[in-house]
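Here's the structure, in C-alpha cells; my notes come after.
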Amino acid sequence: MTTPRTIEVELPSSLDLGDQDVELLKATFQAILSLRCESGCHWRELMQQLRDDGWQVTWGLRWQAQARRGRDSESAGGDTLDQAFDQLRQLTRLDAAPLWP
Amino acid sequence: MVYSEAIREWYKNELQSIREAGLFKQERYIHAPQSAEIEVEFPEGSKLRRVINLCANNYLGLSSHPDVVRAAHDGLELRGYGMSSVRFICGTQDIHRELEDKLSDFLGTEDTLLFPSCMDANAGVFEAVLTEQDVMIADRLVHASIIDGMRLCRAMQDSFKHSDMGHLEEKLQEHQDRRVRMIITDGVFSMDGDLAKLDEIVKLARQYDAMVFLDDSHATGFIGVTGRGTHEHCGVLGEIDVITTTLGKALGGASGGCVSGRRELVELCRQRARPYLFSNTVAPVIVSGALKVLELITKTTERRDKLEWNTKYWRKLLGEAGFDVRPGDSPIVPVMLYNAKLAQDIARDLYDEGIYVIGFFFPVVPKGQARIRTQLSAAHEQAHLDRAIRAFTKVGKKYDILGKGKKEIVAMYGL
C-alpha cells in the first residue's frame, strides 16, 4: 500500500487563520485537486444531455455537512457553513420525531 | 439464489436489533368486531380472553355500529367491491364526490380530496402545494407521517418547540423572506393528548402572513362542541388553510383519509399529490360507511357528548384513585409511570385483570416518560370504566404507586 502523498505549504507568519479559514483552504485545495484529477470529461457530456432534455443546469462548489448515528444518516448542503448546519440540524430533528402512531 | 444465507443472517440481525431497542411490535389477534369489549388471543395460540379495550382510536364507538355496518353492506351491493383504477382514470364514483362534499361541510372548508389514508394525505400534500421558495415550520411533536411528507417536499424545513408560541413567532420573523410560510401542527397530539393552541397559531399566522396546516386525525368527530375538530374548539373554524384527517379513527375506523381546505390547494393535490395519483382510493364499501357516519354525527352530538362525559369521568376516577395523570381535555388519557419496566409490568398485570392497555416507553416516548396511554370511547359504558378503575387500583396498590408523583415513583423504581 502506498503512503498517501501530502504537500505542506508554508503560510506567512503574519497571517491570522481561524478554524473556518483552514477549512476553507482545505476545501478549496481538494476541489482543485478533484478537478485536476478527473479523468475524461464525462460530466460535460452529462451536462449537455441534461440541457438537451430541457434542464437549465448550473454547478458550483458548496459546503456539505453530514451526520451519522447508528442507522440514521443525514446530509445537508449550503452556500455557507451556517446554511449547511442549519439544514443538517433540522434534518436530525426530523429523526427525533415521535415514534408512536 | 439471490436471498443468500449471509443476507438472511443480516436481516435476522436487523430484527434482533429492533427487539433489543425495545421497538419490536407484536400483533395481538382480536376475534371480535372492534368495540368496548373484545376477545383477544395473546400470546399467539393462547386461550381467548375477554377484555375491556382502552387502547383503540374508536372514539365515537362507530367501528361496529349497526347502521354503519348496514350502510357498508348497501355500498357493497350498490357500488361493488373495488374500483380497479386510480381516481382520474375510472376510479371515481358519485359517492366519492358526495363524501368529499360532506366532509367539506363538516370540517367547514372549501373543498376536500380523499386519500387511501391520512398517512398518504400527509405524504402527498406538502410536495403538491409548496416549492423551494417556501418554508414549512412544524411543531416538533407532529405525527411521523407529516415528517415523511416534509422530507418529500423541496420547501425549506424548520420547526418550533412543542406548543411554544414565542419560538414559533421567532421562526416566522426569521422566514419573512420566503414566499409562503406554512405553520404545521397536529390538533391533538397523540401521546400526551394535549391540544394545539390553534387560536394563537392563527393569530400569529395573520400577523406574519403565514398559512396554517392542521392534522386533526385525533380530533375530527368529537373535539369542539359539535365535533368539527380542534379548529372548532379553539374558535377558528374556517381559518385553517389545510386540514388533513382520517376515516380510520372516530369516523368509523375503517381506513382512508383526506386533504381538506382552500379550493386551490385541494385542486393542486388532485393534480400533483402522488399518493392520490398513483394508488386506488377508498373502496366503495368504506365510502358508504363513512357517509353514514357523517349523517349520524351531524344529526346529533350524543356520541361526542358521551365521549366527553366518559373522558371526564375516567380522569376523575384515576385522579381519585391516586394515579399520576397528564391533565387535558382529550380522550387520550396518559397514566404516567416514568419507569419503562414498571409500565410494561403494569400493562401486563392489567391485561391479566381483563383490561387491554399498552405501556409506552423509550424510545417510543422520551426517556423517563414511560406511561400507559388510555383512550376513551363513546362505546364505553360507566360500568366498563368502573370495572377498569377497580383493576387499575388493584394493580396500582400492588406496585405501591397510588398517591405518588413523579419524584416518589422515580425514587422507588428509577428512570
Carboxylate-amine/guanidinium proximity below 4.0 Å for B:R371 and B:D192: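 The answer is yes: the pair qualifies as a salt bridge.
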Using heavy-atom distances under 4.5 Å, tell me whether B:M119 contacts chain A through its side chain, its backbone, both, or neither.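 Nothing of B:M119, per the 4.5 Å heavy-atom cut-off to chain A.
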What part of B:V365 gets closer than 4.5 Å to chain A, counting heavy atoms only: side chain, backbone, both or neither?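 It is both, since atoms from each part get that close.
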Can you confirm whether A:W55 is buried at CH2, in the sense that more than 12 heavy atoms of other residues, nucleotides or ligands lie under 6.0 Å from that atom?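 At most 12 heavy atoms, drawn from other residues, nucleotides or ligands, come within 6.0 Å of this atom.
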Hey, does the Lys NZ or Arg CZ of B:K367 hover above the aromatic six-ring of B:F362, less than 6.0 Å from the centre and inside 45° of the axis?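 Output yes; distance and angle both within limits.
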For B:F222 and B:Y59, take the angle between the two ring planes, folded into 0 to 90°, and tell me which bin it lands in: parallel under 30, tilted 30 to 60, perpendicular over 60.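 Rings of B:F222 and B:Y59: tilted, 30 to 60°.
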Kindly assign one of parallel, tilted or perpendicular to the pair B:F189 and B:H162, based on the angle between their ring planes and the thresholds 30° and 60°.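 Perpendicular.
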Could you please spell out the steps behind the side chain to side chain donor-acceptor pair (under 3.5 Å) verdict for A:Q90 and B:D158? CA-CA 6 Å; A:Q90 282 311 321; B:D158 207 342; 2.7 Å; yes
Main-chain N/O of B:T245 paired to B:D216 side chain as donor or acceptor, under 3.5 Å: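 No; zero donor-acceptor contacts below 3.5 Å.
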Are the ring centres of B:Y356 and B:F42 closer than 6.0 Å?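 Between B:Y356 and B:F42, the centre distance exceeds or equals 6.0 Å.
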Looking only at heavy atoms, which of residues 67-84 of chain A get nearer than 4.5 Å to chain B?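 Residues in range: A:R71, A:E74.
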Selection from B:I147, B:N57, B:D148, B:V142 maximising heavy-atom pairs under 4.5 Å formed with chain A: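 The residue among B:I147, B:N57, B:D148, B:V142 with the greatest pair count is B:I147.
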Among B:S17, B:A144, B:S159, B:S145, single out the residue with the greatest number of heavy-atom pairs under 4.5 Å to chain A.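 Option with the greatest count: B:S159.
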